[in-house]
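All ligand and atom numbering here is 1-based and tracks the order in the structure.
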Amino acid sequence: MATTEIKNICCIGAGYVGGPTMAVIADRCPSIQVNVVDLNESRINAWNHPDLNQLPIYEPGLDAVVARARGRNLHYSTKIELAIENADMVFISVNTPTKIRGVGAGKASDLRWVEACARQVAKSSKGHTIVVEKSTLPVRTAEVIKAILSSAESAPKGTNNPKSFEVLSNPEFLAEGTAINDLENPDRVLIGGESKKAVEALANIYEQWVPKEKILLTNLWSSELSKLTANAFLAQRISSINSISALCEVTGADVGEVSLAIGRDSRIGSKFLKSGPGFGGSCFKKDILNLAYLCRHFGLPEVAEYWENVVKLNSWQQERIARLVIHKLFGTVAGKKIALLGFAFKANTNDTRESPAIKIAKDLIEEGAELAIYDPKVNSEQIKISLSIDEYKLDDNQASRNESFSDIGKWYVASNIGQSLQGADAALIITEWEEFSRLKWEDLAPLMRQPAWVFDTRAIVDVSAIKKAGIKVWRLGDGAE
Ligand code: NAD
Ligand code: UGA
């Protein structure tokens with residue numbers, strides 16, 4: 001049986017996954033034409049922007065990969081039908097957020113975009129097409145996709161070229177901020193499917209740069225479920241260490257030391273044991289809620305509850321940080337200026353989806369604080385969308401803190417760290433950007449209003465240097481304060 005050779009790929013969805021993943025496939029497989037399509041025209045325009053600094057996603061190394069392949073065998077466009085028509089293989093890489101209304105609201109995945117893709121493929125494809133689930137999906141979604149596609153599996157009138165389909169699951173495990181390295185050197189590539197020929201066709205693509213032993217082949221349902229399970233396990237580790245961070249603070253232990261000590265046990269391992277303000281990002285919460293929803297659906301409420309607690313602990317961690325800041329600032333932040341350093345959900349990305357900064361900022365604004373937000377990669381428009389609160393416009397003579405400010409909570413973007421700290425009562429570090437760990441607090445202290453605080457939720461500052469600069473400091477998970 002000869003393997004199907006893939007010459008033309010279409011990827012529906014030019015987001016954080018579709019964009020970089022297809023760029024790497026095109027880079028590593030110059031003989032395959034890769035067309036990434038999206039309904040969002042401005043996103044596609046940004047992918048095609050001649051200035052690589054204007055790509056819609058910030059990922060270290062992405063610009064170089066796009067520069068090598070774009071225009072050669074990597075194309076970004078809004079011509080969805082045409083791209084599907086020409087493709088031997090179609091990746092579905094669209095968003096699968098949590099449903100906000102109807103049955104399963106707040107828990108189940110909203111599959112309307114995936115379903116729309118399946119219908120579009122059923123309509124526009126020609127001949128045999130391998131459809132690959134790249135989005136993260138509830139286990140057994142392939143069944144739905146197959147049902148939609150099979151309705152089109154008959155020869156269009158007057159032709160002898162019937163449409164036919166195979167469905168594969170090929171979840172993506174990249175993390176934002178390290179996406180290019182994760183794609184170029186993955187721990188594993190997972191392919192689930194029923195047709196050996198289709199599975200081999202996809203495996204052959206990855207084999208162009210991934211060692212064969214790292215390509216795992218499973219059945220469809222194991223592949224779909226492994227993706228949700230991987231995210232649930234990763235998030236569970238973060239909630240576990242965050243729960244211990246709170247215990248460290250009241251007992252005199254240091255969570256960094258505890259992480260180091262337990263991580264040396266090879267059965268536990270050292271990764272994903274960094275306590276912080278709670279996990280953010282577009283996927284952990286939605287994927288765990290979806291896993292729990294599936295468990296309830298299949299009559300396993302105890303299993304659902306077990307995983308739901310991982311999300312509960314995460315929300316608690318975010319809430320306790322805002323409460324702690326208020327407590328340390330004499331019980332009120334009304335009219336006080338706080339420099340919020342970092343808004344992205346982690347360093348090296350401009351993504352703010354589910355960032356812990358959102359909940360913490362909203363709680364502080366609600367209490368009347370004035371937040372001067374500084375993030376090296378997140379702009380004010382993005383912050384406005386995330387907070388659903390308009391930015392307060394400073395006029396020229398309010399560039400630094402003004403005692404006459406009312407105590408109605410507000411936020412604005414500071415153009416640099418110095419401006420954010422001017423007259424501030426506190427700096428609150430939310431994202432672990434490298435530049436925040438190198439701040440010269442002895443130079444910055446005079447800008448702040450005394451008594452000033454640094455609240456470090458990522459444990460990246462040098463506590464003794466801050467204390468020496470005359471600033472009080474609180475570090476998450478550090479009971480030695
Ligand atoms: P995203 O929102 O950044 O991108 C999805 C894109 O799909 C959007 O640009 C949207 O316009 C487009 N789209 C939606 N419906 C469409 C349609 N019918 N036709 C054409 N375009 C359409 O999402 P993302 O972060 O890339 O995530 C995509 C999937 O991958 C999700 O299921 C997510 O859970 C999963 N995932 C994400 C990450 C990550 O790091 N972001 C990692 C692994 C897996
Ligand atoms: C995560 C997974 O790591 C990827 O494997 C997966 O593909 C992806 O979700 C997805 O399905 O979307 P991502 O959310 O991009 O990737 O980033 P992570 O590095 O996992 O960080 C998630 C959150 O956990 C961040 O807010 C981060 O600051 C936090 N985190 C991470 C910690 O608080 N401590 C840690 O030790 C690690």
Side-chain angles (χ1 to χ4, degrees), residues 10-22 36-44 46-47 56-57 59 76-81 83-84 90-98 109-121 133-138 141 170-179 182-183 186-188 227-228 230-235 237-242 245 259 263 270-288 290 314 317-318 342 344-349 351-357 430-432 457-459 476:
C10 164
C11 173
I12 312 178
Y16 282 87
V17 169
T21 307
M22 292 301 128
V36 190
V37 291
D38 203 294
L39 295 167
N40 182 335
E41 196 173 347
S42 63
R43 208 167 210 186
I44 290 296
W47 279 112
I57 287 163
E59 271 299 332
Y76 294 95
S77 112
T78 51
K79 293 185 181 142
I80 300 174
E81 290 175 17
I84 294 173
V90 177
F91 285 79
I92 298 179
S93 187
V94 297
N95 34 319
T96 51
T98 304
S109 287
D110 192 339
L111 296 181
R112 75 177 85 173
W113 294 275
V114 173
E115 191 181 320
C117 290
R119 289 185 193 281
Q120 188 73 61
V121 175
E133 299 174 339
K134 185 50 104 179
S135 295
T136 302
L137 297 168
T141 302
N170 173 222
E172 185 48 61
F173 296 98
L174 68 79
E176 288 177 30
T178 54
D182 295 341
L183 289 163
D187 284 348
R188 81 311 210 172
K227 173 63 197 177
L228 291 182
N231 275 359
F233 269 60
L234 290 169
R237 282 173 73 93
I238 300 169
S239 280
S240 297
I241 200 67
N242 282 344
S245 73
S259 292
S270 62
K271 293 183 182 161
F272 262 70
L273 284 182
K274 185 94 178 74
S275 67
F279 56 75
S282 62
C283 295
F284 279 174
K285 185 173 164 193
K286 90 165 161 66
D287 291 347
I288 295 177
N290 185 224
N314 196 54
Q317 181 81 344
Q318 295 177 7
F345 79 98
K346 62 187 274 196
N348 296 318
T349 178
D351 195 347
T352 62
R353 291 177 292 179
E354 295 290 338
S355 173
I430 303 284
T431 314
E432 73 282 23
T457 69
R458 295 284 186 170
L476 186 106

Short N or O distance, K346 and ligand 2, threshold 3.5 Å exclusive: yes

Contact with ligand 2 for R458, non-hydrogen, under 4.0 angstrom: yes

Options E176, E172, K286, K227, ranked by nearest heavy atom to atom 11 (O) of ligand 2, top entry: K227

Min N/O separation A14 to ligand 1 under 3.5 Å: no

Main-chain N/O of I430 paired with R458 side-chain donor or acceptor, under 3.5 Å: yes

Closest approach of any protein heavy atom to atom 5 (O) of ligand 2, naming residue and atom: F173 O, 2.7 Å

L273, portion touching ligand 2 at heavy-atom distance under 4.0 Å: backbone

N/O donor-acceptor pair under 3.5 Å between E59 side chain and G177 backbone: yes

Atom 11 (O) of ligand 1 - nearest protein heavy atom and its distance: D38 OD1, 2.6 Å

Numbering as shown, the atoms of ligand 1 that approach S135 to under 4.0 Å (heavy-atom distance): 29 (C), 30 (O), 32 (O)

Identity and distance of the protein heavy atom lying nearest atom 38 (C) of ligand 1: V17 CG2, 3.2 Å

For S259 against I241, the heavy-atom pair lying closest together: OG-CD1, 3.4 Å

Ligand 1 N/O within reach of T136 N/O, cut-off under 3.5 Å: yes

V94 versus I12, closest heavy-atom pair with distance: CG1-O, 3.6 Å

Any side-chain heavy-atom pair of S245 and Q317 under 4.5 Å: yes

Flag side-chain contact, heavy atom, 4.5 Å: N290 against T98: no

Atoms of ligand 1 close to K227 [distance to a heavy atom under 4.0 angstrom, numbered from 1]: 43 (C)

Gap separating the CG atom of D182 from the CD atom of E176, nearest 0.5 angstrom: 10.5 Å

Under-4.0 Å heavy-atom contact with ligand 1, by part of C283 that carries it: side chain

Where T141 and L137 come nearest, the two heavy atoms and their spacing: OG1-CB, 3.6 Å

Closest to atom 32 (C) of ligand 2 (judged by heavy-atom distance), picking from Q317, R353, K274, E354: K274

Protein contact of atom 14 (C) of ligand 1 - nearest heavy atom, named by residue and atom, plus distance: N95 OD1, 3.2 Å

Ligand 1 N/O within reach of S93 N/O, cut-off under 3.5 Å: no

Close side-chain approach of T21 and E172, heavy atoms under 4.5 Å: yes

OG1 on T352 to NZ on K346, rounded to 0.5 Å: 14.0 Å

For atom 14 (O) of ligand 2, closest protein heavy-atom neighbour: F345 CE1, 3.5 Å

Closest protein heavy atom to atom 21 (N) of ligand 1, given as residue, atom name and distance to 0.1 Å: L39 N, 3.4 Å

Closest non-hydrogen atom pair, W47 against A14: NE1-O, 2.8 Å

Under 3.5 Å: N/O of N40 near N/O of ligand 1: no

Atom indices of ligand 1, in the order listed, that fall short of 4.0 Å to a heavy atom of L174: 40 (O), 42 (C)

Any N/O pair D287/ligand 2 closer than 3.5 Å: no

Test item: T136 and P171 side chains (from C-beta on) under 4.5 Å apart, heavy atoms: no

cation_pi(R353, F345) dist<6.0 Å, angle<=45: no

Nearest-contact summary for atom 12 (O) of ligand 2 - protein heavy atom, Å: C283 SG, 2.7 Å

Proximity of R353 to ligand 1 by residue part, where a heavy atom lies under 4.0 Å: side chain

N or O pair under 3.5 Å between E432 and ligand 2: no

Ligand 1 atoms in contact with W113 (distance to a heavy atom under 4.0 Å): 14 (C), 15 (N)

More than 12 heavy atoms from other groups under 6.0 Å of NZ on K285: no

Protein contact of atom 20 (O) of ligand 2 - nearest heavy atom, named by residue and atom, plus distance: F272 CZ, 3.1 Å

Check: N242/S240 side-chain N/O donor and acceptor closer than 3.5 Å: no

Validation row: L111, P138 side chains within 4.5 angstrom (heavy atoms): yes

Side chain proximity check, V37 to T78, heavy atoms < 4.5 angstrom: no

F272 side, atom CZ; F279 side, atom CZ - distance, nearest 0.5 Å: 10.5 Å

For ligand 1, the portion of Q120 having any non-hydrogen atom under 4.0 Å away: neither

Ligand 1 contacted by K286 (non-hydrogen, < 4.0 Å): yes

Pair K286-T96, side-chain donor/acceptor within less than 3.5 Å: yes

Identity and distance of the protein heavy atom lying nearest atom 1 (P) of ligand 1: R43 NH1, 3.7 Å

Ligand-residue contact atoms, ligand 2 with F279, heavy atoms, under 4.0 Å: 23 (C), 24 (O), 26 (O)

Protein residue, atom and distance nearest to atom 22 (C) of ligand 1, heavy-atom basis: V94 CG1, 3.6 Å

Top protein contact for atom 20 (C) of ligand 1, by heavy-atom distance: I12 CG2, 3.3 Å

Where ligand 2 meets N231 - atom numbers and elements under 4.0 angstrom, heavy-atom basis: 2 (C), 6 (C), 9 (O), 10 (C), 11 (O)

Ligand 1 to E172 polar contact by distance, N or O atoms, under 3.5 Å: no

Short N or O distance, D287 and ligand 1, threshold 3.5 Å exclusive: no

N/O separation below 3.5 Å, G280 to ligand 2: yes

F91 and S135, any side-chain heavy atoms less than 4.5 Å apart: no

Closest to atom 4 (O) of ligand 1 (judged by heavy-atom distance), picking from P97, G15, C11: G15

Protein residue, atom and distance nearest to atom 39 (C) of ligand 1, heavy-atom basis: E176 OE2, 3.4 Å

Within reach of ligand 1, part of L137 (heavy-atom separation under 4.0 Å): neither

Short N or O distance, F284 and ligand 2, threshold 3.5 Å exclusive: no

Shortest heavy-atom approach to atom 8 (C) of ligand 2 - which of T136, L174, I238: L174

Spatial distance of atom CG (D287) from atom CG (L228) [nearest 0.5 Å]: 5.5 Å

Name of the residue among E133, K134, K227 meeting side chain to side chain contact (heavy atoms under 4.5 Å, CB included) with N170: K134

